Amino acid sequence: MAAAATTEENHVVNSGSESTAPRKIALITGITGQDGSYLTEFLLQKGYEVHGLIRRSSNFNTQRINHIYIDPHNHSKAVMKLHYADLTDASSLRRWIDEIHPDEVYNLAAQSHVAVSFEIPDFTADVVATGALRLLEAVRSHIATTGRSHIKYYQAGSSEMFGATPPPQAENTPFHPRSPYAVSKVAAHWYTVNYREAYGIYACNGILFNHESPRRGENFVTRKITRAVGRIKVGLQSKLFLGNLQASRDWGFAGDYVEAMWLMLQQEKPDDYVVATEESHSVEEFLKVSFGYVGLKWEDHVVIDKRYFRPAEVDNLKGDSSKARKVLGWKPKVGFEQLVKMMVDEDVELAKREKVLVDAGYMDAQQQP
Ligand code: NDP
Ligand code: GDR
């Protein structure tokens, strides 16, 4: 597959637009992730010029945004531009903010897997907590040197910060994080509040509950399940190994949630908002709906594997998003069953394509997420 990744020549900023109306400029960290791809589509459709920071990897990591990418040599059409940077590298963050002159900065980059954060805690803290601090510092110093005080910053906060505190969870609910990831998100949350209070930066925390989509990473439980449903349905797999089925989550659709991020940056004053569907379902309910949708029984396929249990679990998350609904006028459009069906439909199609490759001898059927 062709890479959408930038080359060094791709750093021309704000060039080539044939329109005379000034485009707003957004800078997104984590643009190659699930949310980054939906936010990019959303902002492009609003007429923004979008700059994304991507990290160097030995394999292309731009699959989720390849469909949006236009070769930068086609200046008039290429309004998404990619640059190499890393949240662990303060110099790269400063360089791009100073060069791009963004109006809005969305910090979506993270080592975002809760279970993995127990295995690589230092790295998780470095990216999730200190990475947010580095980016805020880059914004602060950019404002100090250029006077561009209208720049706005969005921090991708998480319902994991509430952790053990029982639902419903709202903006004033105390945090009780249960993993290195969640503790790091709490630090990033408070760095954001602190830079708002100390320097007057327009900085917002979006406290988003779980949001999923067909683009969700394949080792998060929803996508792991829908991938398995598709593969089991076409005969590529028979078992699905999972951990705790009793945990409950407030699952929404990622496409709906990126609109809330943008809305937070369009208000007169910066603030923090919970974004949630206000419905909670257990992993077992997700299994029931997804397997049932294609006429399968989950009990025939799911095997419990202790490996997927976490050292500390978050049992029950259910948000109270009344502030976002009232102040931002936001509400989710996609409900739980519709979300599950959307993901299963896409993953059945994906499995059918895999089956063609397996039958032709181009792919090993055992190769699974
Ligand atoms: P993903 O895991 O899909 O994407 C994470 C992104 O961060 C990827 O683009 C990844 O790059 C990038 N990244 C990871 N490490 C670094 C680094 N050191 N420097 C620069 N970029 C890095 O996450 P989501 O899109 O699901 O989530 C977006 C944000 O929202 C995350 O911060 C997450 O913690 C938070 N969040 C997510 C929720 C959800 O339910 N999805 C709920 C609440 C908060 P690469 O592609 O190269 O790996
Ligand atoms: P979460 O999402 O931890 O809520 O973090 P995940 O889908 O990983 O887990 C949800 C629940 O499912 C249980 N579970 C399993 N989880 C995974 N990944 N794999 C399994 O096999 C499995 N079996 C059971 C988990 O124990 C858990 O209770 C997501 C991430 O996107 C974070 O970045 C984000 O901040 C939060 O959502 C809100």
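Since this is a predicted model, take the numbers as computed values, not measurements. Scope of the values below: all heavy atoms of this structure, side chains included, with no hydrogens, waters or symmetry mates. Whatever order the structure lists them in is the order used to number ligands and atoms, beginning at 1. One is the number of the first residue; the rest follow in order along the sequence.
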Asker: I'd like to know if Lys352 pairs up with Glu349 as an ion pair, taking the criterion as any Lys NZ or Arg NE/NH1/NH2 lying under 4.0 Å from an Asp or Glu carboxylate oxygen.
Answerer: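 Judged by the 4.0 Å cut-off on N to carboxylate O distance, Lys352 and Glu349 do form a salt bridge.
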Asker: Would you say the side-chain atoms of Ser57 and Asn59 include a donor-acceptor pair closer than 3.5 Å?
Answerer: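 Absent: no donor and acceptor within the cut-off.
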Asker: Within the structure, is a non-hydrogen atom of Val127 found at a distance of less than 4.0 Å from ligand 1?
Answerer: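 Contact present.
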Asker: What atoms of ligand 1 come closer than 4.0 angstrom to any heavy atom of Asn210?
Answerer: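 Near Asn210, meaning under 4.0 Å from one of its heavy atoms, ligand 1 has 40 (O).
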Asker: Should the ring pair Tyr38 and Phe253 be called parallel, tilted or perpendicular, given that the plane angle runs from 0 to 90° and is split at 30 and 60?
Answerer: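 Rings of Tyr38 and Phe253: perpendicular, over 60°.
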Asker: Is it true that, when you exclude Lys24 itself, more than 12 heavy atoms of the residues, nucleotides or ligands shown sit nearer than 6.0 Å to its NZ?
Answerer: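 Correct, the count exceeds 12.
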Asker: What is the closest protein heavy atom to atom 40 (O) of ligand 1, and at what distance does it sit?
Answerer: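 Nearest protein contact, heavy atoms only, for atom 40 (O) of ligand 1 is His211 N, 2.8 Å.
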Asker: Looking at Tyr84, is Arg56 sitting on its ring face, NZ or CZ under 6.0 Å from the six-membered ring centre and within 45 degrees of the normal?
Answerer: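 Arg56 over Tyr84 ring: no.
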Asker: Can you establish whether the number of heavy atoms outside Lys323 located under 6.0 Å from its atom NZ is more than 12?
Answerer: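 For Lys323, atom NZ is crowded (more than 12 foreign heavy atoms under 6.0 Å).
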Asker: Who's closest to atom 15 (N) of ligand 1 heavy-atom-wise, of Lys185, Gln63, Glu160, Arg55?
Answerer: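 Nearest option to atom 15 (N) of ligand 1, by heavy atoms: Arg55.
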Asker: For Tyr181, which part has a heavy atom under 4.0 Å from ligand 1: side chain, backbone, both, or neither?
Answerer: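 Within the 4.0 Å criterion, Tyr181 contacts ligand 1 through side-chain atoms alone.
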Asker: In this structure, is the centre-to-centre distance between the rings of Tyr273 and Trp330 below 6.0 Å?
Answerer: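 Between Trp330 and Tyr273, the centre distance exceeds or equals 6.0 Å.
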Asker: Measure the distance from atom 2 (O) of ligand 1 to every protein heavy atom, then report the residue, atom name and distance (to 0.1 Å) of the closest one.
Answerer: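 In this structure, atom 2 (O) of ligand 1 has Ser112 OG, 2.6 Å as its nearest protein heavy atom.
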Asker: Looking at atom 3 (O) of ligand 1, what's its closest protein heavy atom, distance included?
Answerer: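 Going by distance alone, atom 3 (O) of ligand 1 is nearest to Gln34 N, 3.1 Å.
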Asker: Do the rings of Phe336 and His281 sit parallel, tilted or perpendicular, given the 30° and 60° boundaries?
Answerer: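 It falls in the parallel class, under 30°.
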Asker: Would you call the rings of Phe291 and His301 parallel, tilted or perpendicular, where under 30° means parallel and over 60° means perpendicular?
Answerer: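 Geometry flag for His301 against Phe291: parallel rings.
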Asker: Show the atoms of ligand 1 that are less than 4.0 angstrom away from any heavy atom in Gly33.
Answerer: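 Under 4.0 Å from Gly33, ligand 1 has these atoms: 3 (O), 4 (O), 8 (C), 9 (O), 25 (O).
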Asker: Using a 3.5 Å cut-off on N/O to N/O, what pairs does ligand 2 make with the protein? A line per pair would be great.
Answerer:
| residue | atom | partner | partner atom | Å |
| --- | --- | --- | --- | --- |
| ligand 2 | 3 (O) | Arg310 | NH1 | 2.6 |
| ligand 2 | 4 (O) | Asn210 | ND2 | 2.9 |
| ligand 2 | 4 (O) | Arg249 | NE | 2.8 |
| ligand 2 | 7 (O) | Val221 | N | 2.8 |
| ligand 2 | 8 (O) | Arg310 | NH2 | 2.8 |
| ligand 2 | 9 (O) | Arg310 | NH2 | 3.4 |
| ligand 2 | 16 (N) | Arg310 | NH2 | 3.4 |
| ligand 2 | 18 (N) | Asn219 | O | 3.0 |
| ligand 2 | 18 (N) | Arg310 | NH2 | 3.4 |
| ligand 2 | 21 (O) | Lys224 | NZ | 2.8 |
| ligand 2 | 23 (N) | Gly243 | N | 2.9 |
| ligand 2 | 26 (O) | Glu313 | OE2 | 2.6 |
| ligand 2 | 28 (O) | Arg249 | NH2 | 3.0 |
| ligand 2 | 28 (O) | Glu313 | OE1 | 3.0 |
| ligand 2 | 28 (O) | Glu313 | OE2 | 2.9 |
| ligand 2 | 31 (O) | Arg216 | NH1 | 3.1 |
| ligand 2 | 31 (O) | Arg216 | NH2 | 2.9 |
| ligand 2 | 33 (O) | Ser112 | O | 2.6 |
| ligand 2 | 33 (O) | Tyr181 | OH | 2.8 |
| ligand 2 | 35 (O) | Ser158 | OG | 2.5 |
| ligand 2 | 35 (O) | Tyr181 | OH | 2.6 |
| ligand 2 | 37 (O) | Asn210 | ND2 | 3.0 |

Asker: To the nearest 0.1 Å, how far is atom 43 (C) of ligand 1 from its closest protein heavy atom, and which atom is that?
Answerer: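 Checked against all protein heavy atoms, atom 43 (C) of ligand 1 sits closest to Leu208 O, 3.1 Å.
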Asker: List, one per line, each side-chain donor-acceptor pair under 3.5 Å for residues 305-315, sequence neighbours excluded.
Answerer:
| residue | atom | partner | partner atom | Å |
| --- | --- | --- | --- | --- |
| Asp305 | OD1 | Arg307 | N | 2.9 |
| Glu313 | OE2 | Asn244 | ND2 | 3.1 |

Asker: Using a strict cut-off of 4.0 Å, indicate which atoms of ligand 1 neighbour a heavy atom of Arg216.
Answerer: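 Under 4.0 Å from Arg216, ligand 1 has these atoms: 26 (O), 39 (C), 40 (O), 41 (N).
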